[in-house]
Amino acid sequence: MSSDIPSTDLWLEQSRLDGMTLGAVTYGGFFILTVQAAAALIQRPRHGGKIADHRLALLAYVVVTFILGTIGFAANAKYTEMIWIDLRGTLGGPVELIEDEMAYPINVVAISCYFVMEWFMQALLLHRCFVIWNWARYVMIPMFTIYIAMIIMSILVLIQSSAGVIWYTINIQLAYLCIEVGLSVIYTILVTNRLLFMRGLMRQVMQEHEYYSIYDTSILMVIESAVLYSVCAIIFIVSFALHSNVSNLCFLTISHVQGITQLLIIIRVARGQAIKFELPAPVAPVSTDIAFSGTVSDAPEGV
């Protein structure tokens with residue numbers, strides 16, 4: 001069957017619809033993990049530990065990010081319905097509605113929710129990093145500065161979006177995405193380096209592999225979480241910079257993916273899989289206690 005619709009317009013529509021489908025799949029995973037994380041945090045920790053002291057804070061984080069993610073997803077789902085059903089008679093059709101999506105307040109609401117959700121998720125990353133590095137100022141100041149820059153960039157994007165600017169013409173958005181991914185990559189490097197260093201200290205005083213192998217598991221957990229999000233984010237950044245429709249496949253999923261990676265860590269910690277080792281009396285000055293849920297990390301003096 002012949003069609004007068006250009007193939008480029010068809011690809012734009014297909015990518016937007018496929019992106020919404022992927023967004024629904026990732027939101028389903030985000031929903032399931034949110035329920036599991038909330039259930040794990042409500043229960044008493046199996047092995048005790050300081051996770052109980054931060055249980056309510058983590059539960060509040062899970063609830064707030066879920067509400068923001070749900071509102072954002074619902075707004076995107078509604079606009080998808082508007083594109084092909086409610087407003088299908090609009091001059092220019094679905095293509096015009098997709099390209100000029102920021103002219104509709106519902107999309108500004110969706111982006112606003114995902115941005116605020118991102119603030120919470122990055123704040124949790126920062127807290128973990130600061131705890132593991134014992135609140136060292138030479139780590140805190142640069143990381144916090146990048147975090148503030150990310151928030152400022154996102155606010156500027158929202159201001160331009162509210163004015164109805166075409167999404168792909170917002171150059172600040174590209175800078176925001178780079179800062180966001182950069183912050184996550186720096187966090188991964190800092191935390192992994194710290195854990196490797198502390199693993200080396202533990203290996204010097206405890207010869208049994210079981211005492212320091214938990215650090216290998218924790219490092220792997222951090223890296224796996226970072227890779228899952230970073231790959232999706234880098235694809236989005238490159239496609240966004242090239243004004244490629246591939247970005248539509250990532251745009252509606254990227255926040256859910258990062259939310260999933262955060263929840264996976266929270267669930268492990270809430271179920272009592274934090275790192276906690278105290279050495280015998282002869283070497284009592286060395287004590288290591290790390291938990292990825294924002295718990296305290298007590299390293300040897302000078303670490």
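Values below: every heavy atom of this structure, side chains too, minus hydrogens, waters and symmetry copies. Position 1 is the first residue of the sequence, and the numbers go up from there.
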Asker: Write down the atom of T26, the atom of I260, and the distance for their closest heavy-atom approach.
Answerer: O-CD1, 3.6 Å
Asker: Using the ring centroid of each side chain, check whether F73 and F30 are separated by less than 6.0 Å.
Answerer: no
Asker: Quick check for you: to the nearest 0.5 Å, what is the distance between F66 atom CZ and M117 atom CE?
Answerer: 10.0 Å
Asker: Using a cut-off of 6.0 Å, state whether more than 12 heavy atoms not belonging to N193 lie near its atom CG.
Answerer: yes
Asker: Determine whether the aromatic ring centres of residues F31 and H256 are separated by less than 6.0 angstrom.
Answerer: no
Asker: In Å and rounded to the nearest 0.5 Å, what is the CD1 to CG distance from I267 to L33?
Answerer: 4.5 Å
Asker: Start with the C-alpha gap between Y61 and L124, add the side-chain angles, then the distance that decides, and say whether side-chain contact (heavy atoms from CB on, under 4.5 Å) holds.
Answerer: CA-CA 9 Å; Y61 163 85; L124 183 59; 3.7 Å; yes
Asker: Within the 3.5 Å criterion, strictly below it, is a donor on Q262 or R128 matched to an acceptor on the partner's side chain?
Answerer: yes
Asker: Quick one: list whatever passes ring pair (Phe, Tyr, Trp, His ring centres under 6.0 Å) with F120, sequence neighbours left out.
Answerer: none
Asker: Does the side chain of I146 reach to within under 4.5 Å of the side chain of I186, using non-hydrogen atoms?
Answerer: yes
Asker: If you apply the rule side-chain contact (heavy atoms from CB on, under 4.5 Å), what do you find for L183 with L126, and how did you get there?
Answerer: CA-CA 9 Å; L183 186 61; L126 287 183; 4.1 Å; yes
Asker: What's the separation between atom CZ in R194 and atom SG in C129, rounded to the nearest 0.5 Å?
Answerer: 10.0 Å
Asker: Report whether V25 and M20 are members of the same hydrophobic cluster (ILVMFWY, side-chain heavy atoms less than 4.5 Å apart, transitive linking).
Answerer: no
Asker: For a quick check under 3.5 Å, do Q122 and E118 share a side-chain donor-acceptor pair by atom type?
Answerer: yes
Asker: Transitively linked via ILVMFWY side-chain contacts under 4.5 Å: I223 with I266?
Answerer: yes
Asker: So, for S184 and L125, which heavy atoms are closest and what is the spacing to 0.1 Å?
Answerer: OG-CD1, 4.1 Å
Asker: Can you measure from OH (Y138) to CH2 (W133) and round to the nearest 0.5 angstrom?
Answerer: 5.0 Å
Asker: Please report the closest heavy-atom contact between S230 and V185, naming both atoms and the distance.
Answerer: OG-CG2, 4.3 Å
Asker: Do L252 and R16 make a side-chain contact, defined as non-hydrogen atoms from C-beta onward lying under 4.5 Å apart?
Answerer: yes
Asker: Taking a hydrophobic cluster as the set of Ile, Leu, Val, Met, Phe, Trp and Tyr residues connected by side-chain heavy atoms closer than 4.5 Å, whether directly or through intermediates, do I189 and V181 fall within one such cluster?
Answerer: yes
Asker: Indicate if L263 and I67 have the same hydrophobic cluster label, given that clusters are the connected sets of ILVMFWY residues with side-chain heavy-atom separations under 4.5 angstrom.
Answerer: no
Asker: Where do I235 and C250 come nearest, in terms of heavy atoms and distance?
Answerer: CG2-SG, 3.6 Å
Asker: Return yes if a side-chain donor-acceptor contact under 3.5 Å exists between Y27 and T253, otherwise no.
Answerer: no
Asker: Under 3.5 Å, which donor-acceptor pairs do the side chains of residues 147-159 form with other protein atoms, sequence neighbours left out?
Answerer:
unit_1	atom_1	unit_2	atom_2	d
Y147	OH	W119	O	3.0
S154	OG	W119	NE1	3.1
S154	OG	M150	O	3.4
S154	OG	I151	O	2.6

Asker: Indicate whether any N or O donor in one side chain lies under 3.5 Å from an N or O acceptor in the other, for N245 and S15.
Answerer: no
Asker: Provide the closest heavy-atom pair for V108 versus S161 in the form atom of the first, atom of the second, distance.
Answerer: CG2-O, 3.9 Å
Asker: For G72 versus C113, what's the shortest heavy-atom pair and its separation?
Answerer: N-CB, 4.1 Å
Asker: Between atom CG of N76 and atom CG of N107, what is the distance when rounded to the nearest 0.5 Å?
Answerer: 6.5 Å
Asker: Just do the side-chain contact (heavy atoms from CB on, under 4.5 Å) check on T261 and I265 with the steps written out, would you?
Answerer: CA-CA 7 Å; T261 60; I265 295 178; over 6 Å; no
Asker: Would you say L264 and I32 are hydrophobically clustered, going by side-chain heavy atoms of ILVMFWY under 4.5 Å?
Answerer: yes
Asker: How about M143 and V139: do any of their side-chain heavy atoms sit closer than 4.5 Å?
Answerer: yes
Asker: Would you sort out whether Y229 and E180 count as a side-chain contact (heavy atoms from CB on, under 4.5 Å), showing the intermediate values?
Answerer: CA-CA 11 Å; Y229 167 71; E180 177 187 349; 2.5 Å; yes
Asker: Out of curiosity, T80 OG1 to E101 CD, how far, rounded to the nearest 0.5 Å?
Answerer: 9.5 Å
Asker: Donor-acceptor pair, S244 side chain versus F240 backbone, under 3.5 Å?
Answerer: no
Asker: Which atom pairs, one a donor and one an acceptor, fall under 3.5 Å between side chains of residues 84-99 and the rest of the protein, sequence neighbours left out?
Answerer:
unit_1	atom_1	unit_2	atom_2	d
W84	NE1	E13	OE1	3.2
D86	OD2	K78	NZ	3.2
T90	OG1	L87	O	2.8

